[in-house]
Amino acid sequence: MPSLSLQFLELLAREASAVEFEGPIIRARAAGADPAAIEELEQAKVEALKVRDLLKRRARREAELSALYDTAGDLAALRDLDAVLEAIVHRARQLLATDVAYMTLHDPERGDTYMRVTDGSISAKFRALRLAMGAGLGGLVAQTATPYATADYFADARFRHKEDIDEAVTEEGLVAILGVPLRLGQRVIGVLMAANRSARPFHQEEVSLLASLAAHAAVAIDNARLLQETRNALEELSRAHRTAREHGQAVERAAMAHDRMTSLVLRGGGIEDVAAVVTDVLGGSLAVLDDLGRAIGGAAGELAEPDVGVLEAAQASRALGRTVRRGDLLIASVDVGGEPLCTLVLRSDDADERILERAALVCALLLLFRRSVAEAEGRVRGELLDDLISRPGSPGLADRARRLGVDLGAPHVVVVVKHGGQRERAAFWGSSQAAMRHGLAAGRGDEVVLLLPGDHAGAVAQRAAAELSASLQSTATAGAAPAVGPAEPSRGAQDDPRVRDEQGDSRVRDVAAAYQEARRCAEALIALGRAGDGASAAELGFVGLLVGDGHDVRGFVDRVVGPVIDYDARRGTALAGTLAAYFGAGGSPSRAAEALHIHVNTVTQRLDRVGRLLGDGWLEPERALEIQLALRLHRLGHTSTGKTVGPDAI
């Protein structure tokens, strides 16, 4: 018979239950062993039970690692996603020794989760259950991306109970539930859950095991997605290869047609010749339209007048940069700087878009050649404006302007628009403005200079800044100044061109001065942080006094404090003096009252009246500075009424 201590080793070897470890001690006591021996056996029992627990944990861990290894093997040989997910859920149920295990996945279209796989479920209602984000334990796990466990589902108030979910859980008979999130990076794609039909706690080791299985499930789902995307990419690549092979001859034919059209242009051919090449290669009939939709060429038959559908298709073609089909027509349109240049409309059974698109580019090139003639006139206008600015004393400037349709004897505005680049595009915009409005334009470095008819300088500047900014897709800032005053022409000027020219020559110097003022206005706007805006000196407040040639001090005073001065003149009050004293006292009504030898309430009442006259915001720093400057100028005698309010009137 083995010794009593060896009996514990035998119990460990055959994985006996914990109760059986009491047997050796009971038998030793029955045999009359002394207390020291009994104590030694007790200690041996305790150590043996520790070894038993350790062996049991290691066996369980071995089983868990084996399950995870098997799951990894399933992923490596992934063929059927459903089979892999079912295996993961089944292993979760076995390893945690639960009655049910199941997996829910997120539905991005409906914003909730649905049952994807179940193992051990007996309720059809439970298997068809959907959980809104935050509803039930599974919805809470999906919403928070955090594991949750409950030993008694219906007694747990940590999550939101919903009637349909509770009914399904009751029908399934579940009590204890553990859920962990299925995560791909920071995104939760579902929940893996294990549940029991009786109350039981879930230990941290069980939570970790279920989380590991959930990680494998997430990888399986992502691998299946990548595999499907790879299959789709391979199919698309195969289709692209077939398409490239099928279009090889079409590309070669398009290149040959392009060579023919290019050769025509080099030999001096026109749009009709290009259209003939297109119809020769593709057949059918072709119409070439200008930027206004008017036919300017065609070949092999007549096309009907373009309707709204054709014009809309042309706009879509320019936006997409390719040919657009409308019914039995192919439309290719080309633009320059966002403006339409030409459109080709083809009716043919041979729908080779490349040839039509290349023909559209060649026609656009021919039209650009024609536009160069118009640009030559623009250069003449620019040279005249340069002379008006740089050499205002040169003879015959008014006569040159008259031949271009510009009457220097009429009111004009000089606009200087500063921009950040794209000089050619900006110069083209300026030439277009000058041609449309019977003015002059010139590009000077990073600015466009315009001389346009009109007498509202600020409005013209604002419009110019907005339009050039939109054309360049970048910030443009405009300053403006009146170039010629609205004086009436002298007697006989309207009937005698020589008299009109003499008057125009006499005002040529106004253009040069207005240019300098407009330029200073634009620079002032940029310095003031108003880039992208447009204004004249009159609209810049006290800054306008510095940049304007006229130095309209009286106008400045009237705009800033005119209502106060007029009120004093009508009522015999001293609001202006009180206001000056208030600013002189650092904005303190009490010190202002002491300086004026009046009661502080009187100062307050006068300042209230000033506020009503000047409007809200009169004490804001920038406006207060203008008011103080205007008051100082007023005290020096520059007023709209010509009266000076001196110390005696305060």
Side-chain angles (χ1 to χ4, degrees), residues 67-92 102-119 130-131 133 141-143 145 180-192 211-258 313 316-326 330-334 350-358 360-361:
L68 292 176
Y69 178 79
D70 292 341
T71 301
D74 292 339
L75 292 178
L78 177 64
R79 293 294 181 269
D80 184 358
L81 177 63
D82 289 336
V84 174
L85 296 183
E86 288 173 1
I88 291 174
V89 172
H90 180 69
R91 288 179 186 129
Y102 52 97
M103 180 188 298
T104 63
L105 294 183
H106 179 243
D107 187 342
E109 294 184 359
R110 297 181 55 171
D112 60 2
T113 59
Y114 64 95
M115 288 289 182
R116 182 68 165 81
V117 181
T118 62
D119 189 79
R130 300 185 74 96
L131 288 78
M133 300 297 285
V141 173
Q143 185 181 55
V180 296
L182 277 70
R183 304 180 63 166
L184 281 177
Q186 299 299 318
R187 184 165 57 95
V188 177
I189 62 172
V191 179
L192 179 60
S212 298
L213 291 171
H216 282 82
V219 171
I221 294 170
D222 196 41
N223 284 349
R225 176 186 63 81
L226 293 174
L227 181 59
Q228 186 60 46
E229 290 179 356
T230 302
R231 289 171 179 166
N232 294 340
L234 289 174
E235 291 177 3
E236 185 177 349
L237 183 61
S238 178
R239 288 194 301 268
H241 178 68
R242 290 194 302 269
T243 301
R245 188 172 54 205
E246 292 169 358
H247 288 294
Q249 293 181 348
V251 171
E252 183 178 354
R253 186 177 62 156
M256 294 176 61
H258 183 264
S317 174
R318 292 191 295 273
L320 297 173
R322 58 181 178 82
T323 301
V324 172
R325 178 179 289 278
R326 285 292 184 273
L330 289 176
I331 298 100
S333 188
V334 179
D350 191 342
D352 194 324
E353 298 179 0
R354 293 183 182 84
I355 294 178
L356 186 64
E357 290 167 358
R358 295 185 182 189
L361 290 174

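Keep in mind it's a predicted model, so treat the numbers as computed, not measured.
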Please report the shortest heavy-atom distance between [X] and [Y], naming the atom on each side.
X    : Y    : value
A214 : P181 : CB-O, 3.7 Å
A313 : R326 : CB-CG, 3.3 Å
Y102 : V89  : N-CG1, 3.8 Å
R318 : S333 : NH1-OG, 2.9 Å
H106 : Y114 : O-CE2, 4.1 Å

Mind checking salt bridge (charged side-chain N to carboxylate O under 4.0 Å, His left out) for R116 and listing every partner two or more places apart, or none if nothing turns up?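 Partners of R116 by the salt bridge (charged side-chain N to carboxylate O under 4.0 Å, His left out) criterion, ordered by chain and then number, come out as D82.
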
Salt bridge (charged side-chain N to carboxylate O under 4.0 Å, His left out) partners of R130, counting only residues at least two apart: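 So R130 forms a salt bridge (charged side-chain N to carboxylate O under 4.0 Å, His left out) with D107, D112.
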
So, [X] side chain and [Y] main chain: donor-acceptor pair closer than 3.5 Å or not?
X    : Y    : answer
T230 : L226 : yes
T323 : L330 : no
T113 : G190 : no

Can you find a pair of side-chain heavy atoms, one from V180 and one from L213, that are under 4.5 Å apart?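 A side-chain contact under 4.5 Å is absent here.
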
A side-chain contact here means heavy atoms from C-beta on lying under 4.5 Å apart; do E86 and H90 qualify?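 Of all side-chain heavy-atom pairs linking H90 with E86, none is under 4.5 Å.
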
CD/E236: more than 12 non-hydrogen atoms of other groups inside 6.0 Å: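 Open.
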
Atom pair [atom1] ([X]) and [atom2] ([Y]), whose distance is rounded to the nearest 0.5 Å:
X    : Y    : atom1 : atom2 : value
M103 : L192 : CE    : CG    : 5.0 Å
R239 : E235 : CZ    : CD    : 6.0 Å
D222 : E229 : CG    : CD    : 8.5 Å

Check each of T104, V219, V188, L105 against L182 using the side-chain contact (heavy atoms from CB on, under 4.5 Å) test, and report the only one that passes.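 Among T104, V219, V188, L105, the one meeting side-chain contact (heavy atoms from CB on, under 4.5 Å) with L182 is L105.
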
